[in-house]
> 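Encoded as structure tokens, here's the structure I'll be asking about.
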Amino acid sequence: MSGIGTGYDLYPTTFSPDGRIFQVEYAHKAVENSSTAIGLCCKDGVVFGVEKIILSKMLVEGTNRRVFSVGEHIGIATAGLTADGRRIVQNARQEAKNYENFTSDIIPIHVLTERLSIYVQVFTLYNYIRPFGCSLMIGSYDEEKGPSLYCIEPDSVALGFYGCAIGKGKQEAKTEISKLKLSEMTCKDAVKEIAKILIKTVHDETKEKEMELEMSWVCKETKGKHKLVPKKLIEEAVEWVKGQENEED
Amino acid sequence: MFDLEKEFLYDLNKEVKTGTTVMAVTFKDGVIIAADSRTSSGSYAVNRVTDKLTPVHDQIYCLRSGSAADTQIISSYVSYYTNMFSIEEGSQPTVKKAAHMFREFLYQNKQYLHAAIICAGWDPIDGGSVYSLPLGGSIVKQPFATGGSGSTYLYGYCDMNFKENMTEEEAEKFVTYGITEAIARDGGSGGIVRKAIIDKNGVRRKTVYGNKLKKFWEK
């Protein structure tokens with residue numbers, strides 16, 4: 001088995017003898033260094049939550065965005081190199097707008113996901129451009145088709161999920177998510193549950209600095225538009241999580 | 001400036017135009033489209049049995065008038081894109097989508113083109129729809145539409161005889177008589193009447209040959 005630095009890991013254009021492309025795997029590591037993002041597909045919509053580490057008290061609240069809107073009806077949450085994520089979102093916005101101009105219809109989420117997947121894959125083919133060091137979760141809500149959530153990784157694999165987590169704490173988060181009954185949960189409940197997972201399970205208060213919660217949703221209540229969750233709801237969710245902690249003590 | 005050639009001599013190098021009559025009308029269950037069959041180059045009928053009913057997708061057709069070359073290439077582009085999109089999305093394309101694609105091509109290339117299209121068909125979301133795309137590249141959804149040089153003779157006829165939610169029989173009569181009348185009056189239109197009925201079951205094509213065309217007032 002080949003390990004790190006044995007010569008097959010210099011360019012994405014080289015396979016290792018056991019069939020791996022190391023550069024793409026290293027790109028995954030870049031995602032695992034970043035703070036966690038969670039996406040949940042509830043019965044009436046999709047909710048995203050990102051654990052944002054506050055690096056300095058001088059930073060303005062809400063800066064360094066990790067969730068983005070594409071068109072009005074699709075949301076994307078990123079983990080990994082934020083700049084790489086922004087680049088892909090830029091491409092997604094172009095795709096969505098071109099589709100709308102050409103066909104007068106809004107782009108379906110599975111079409112956008114496939115196109116982004118193809119776009120990300122291109123960067124795993126050549127030795128002069130590096131793969132993207134970020135994973136994306138793409139979510140949307142449609143009256144007829146219901147909520148949809150997809151996740152694209154640096155190797156361009158796009159899978160549909162009911163609940164997904166990317167970043168440093170994704171293993172613990174995924175364990176917690178699997179305990180939830182997503183098909184019966186409303187988006188308002190999901191806001192609380194995501195806050196709980198990010199604050200209690202994923203975020204380590206002793207090791208890391210303070211965190212900020214960035215949450216967004218696209219659901220029946222927002223009439224299918226992707227918006228940031230109102231600050232009041234996030235504050236209530238944080239209060240609720242603190243309340244839960246006290247109960248357990 | 002007075003041009004002798006233009007005014008008096010037959011110019012067989014003139015661009016092939018579908019001096020035409022085309023009609024599309026929505027009825028209770030879908031749409032019926034109809035056209036004449038003459039393609040002319042100056043005063044020579046290049047094709048007297050043309051099929052101007054061009055399929056774009058399974059249940060979406062377009063009626064072409066203006067330059068034959070321009071309309072053929074654009075309808076083949078739109079056909080290509082509607083097929084690609086419907087495969088990508090896994091669902092039947094709407095007439096609205098196809099019509100808006102026509103609009104993009106016609107508008108963005110308006111200085112080079114001389115093409116007017118009527119895009120009509122049936123889809124499960126809007127039922128039967130007719131979209132008119134005249135010369136400049138605008139798009140208008142209408143209950144019925146006429147196009148081509150012969151359509152000028154049908155404005156009165158259509159206004160007086162069109163009704164919403166006609167039965168298939170009524171709608172068929174409406175278009176057949178319309179095209180017949182235009183063929184009689186317009187020099188740029190002639191030949192036979194080609195029809196297609198598009199509803200949720202698919203497309204049924206019909207033809208009315210010259211000798212079977214109803215004769216309206218003529219001596």
Side-chain angles (χ1 to χ4, degrees), chain A residues 41 46 70-76 88 91-122 136 138-152 156-162 218 220 223-224 226, chain B residues 56-60 62 73-110 113 115 117-127 129-134 136-142:
Chain A
C41 205
V46 176
V70 172
E72 284 183 317
H73 60 297
I74 297 178
I76 296 187
I88 302 179
N91 182 269
R93 287 175 173 162
Q94 273 302 89
E95 285 284 352
K97 196 60 187 138
N98 286 338
Y99 187 97
E100 207 178 300
N101 283 346
F102 193 41
T103 66
S104 83
D105 262 342
I106 55 175
I107 189 167
I109 183 177
H110 65 279
V111 173
L112 177 69
T113 305
E114 181 138 351
R115 296 204 185 167
L116 286 183
S117 195
I118 292 171
Y119 178 69
V120 168
Q121 194 275 341
V122 170
L136 311 162
I138 307 170
S140 181
Y141 175 76
D142 182 71
E143 271 299 321
E144 287 164 17
K145 294 184 203 143
S148 315
L149 174 66
Y150 293 91
C151 180
I152 304 183
S156 91
V157 165
L159 299 170
F161 285 95
Y162 295 113
V218 50
K220 209 171 189 163
K223 298 202 177 66
H226 179 251
Chain B
V56 164
H57 198 79
D58 296 345
Q59 285 168 292
I60 305 177
C62 72
I73 200 76
I74 289 174
S75 57
S76 99
Y77 267 119
V78 173
S79 177
Y80 169 75
Y81 281 110
T82 42
N83 278 299
M84 287 290 280
F85 280 127
S86 71
I87 291 172
E88 214 179 6
E89 289 167 44
S91 61
Q92 196 180 347
T94 55
V95 185
K96 180 173 167 206
K97 200 174 238 152
H100 277 84
M101 286 191 216
F102 270 115
R103 187 272 296 269
E104 267 312 284
F105 285 115
L106 289 174
Y107 177 73
Q108 298 295 349
N109 299 295
K110 61 182 355 207
L113 299 172
I117 301 257
I118 296 175
C119 184
W122 185 93
D123 62 72
I125 305 200
D126 298 313
S129 324
V130 171
Y131 289 84
S132 185
L133 298 116
S138 55
I139 180 170
V140 164
K141 185 175 198 289
Q142 295 174 307

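Reminder, nothing fancy here: chain letters follow the sequence lines and each chain counts from 1. Note that the structure is predicted; figures quoted are calculated from it, not measured. Because only heavy atoms are used, hydrogens play no part in the values below, and waters and symmetry mates are left out as well, while side chains stay in.
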> With a 4.5 angstrom heavy-atom cut-off, could you sort out which part of B/F102 is near chain A: side chain, backbone, both or neither?
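It is neither, since no heavy atom gets under 4.5 Å.
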
> A/V122: which residues meet the side chain to side chain contact (heavy atoms under 4.5 Å, CB included) condition with it, sequence neighbours left out?
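Checked A/V122 against side chain to side chain contact (heavy atoms under 4.5 Å, CB included); matches are A/Y126.
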
> With chain A as the partner chain, list the residues of residues 79-88 of chain B whose heavy atoms fall under 4.5 Å from it, by residue number, and write 'none' if nothing qualifies.
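Within residues 79-88 of chain B, the residues under 4.5 Å from chain A are B/Y81, B/F85, B/E88.
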
> For B/K141, I'd like to know if atom NZ has over 12 heavy atoms of other residues, nucleotides or ligands within 6.0 Å.
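Check passes, neighbour count above 12.
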
> Is it the case that atom CD in A/E95 sees more than 12 heavy atoms from other parts of the structure closer than 6.0 Å?
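Enclosed.
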
> Counting only heavy atoms not in A/E72, do more than 12 fall under 6.0 Å of its CD?
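Not more than 12 within 6.0 Å, no.
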
> Using a cut-off of 6.0 Å, state whether more than 12 heavy atoms not belonging to A/Y162 lie near its atom OH.
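Not buried by this count: 12 neighbours or fewer within 6.0 Å.
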
> Report, by ascending residue number, the residues of residues 98-108 of chain A in heavy-atom contact with chain B at a distance under 4.5 Å; give 'none' if the set is empty.
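Checking residues 98-108 of chain A against chain B gives A/Y99, A/N101, A/F102, A/T103, A/S104, A/D105, A/P108.
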
> Identify each donor-acceptor pair in which a side-chain atom of residues 139-151 of chain A lies under 3.5 Å from a protein atom, sequence neighbours left out, and give them as a table.
{"from": "A/S140", "atom 1": "OG", "to": "A/H73", "atom 2": "O", "distance (Å)": "2.9"}
{"from": "A/D142", "atom 1": "OD2", "to": "A/E144", "atom 2": "N", "distance (Å)": "3.1"}
{"from": "A/D142", "atom 1": "OD2", "to": "A/K145", "atom 2": "N", "distance (Å)": "2.9"}

> So with a 6.0 Å cut-off around CG of A/L159, is the heavy-atom count from everything else above 12?
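Counting neighbours around CG of A/L159, more than 12 heavy atoms of other residues, nucleotides or ligands fall under 6.0 Å, so yes.
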
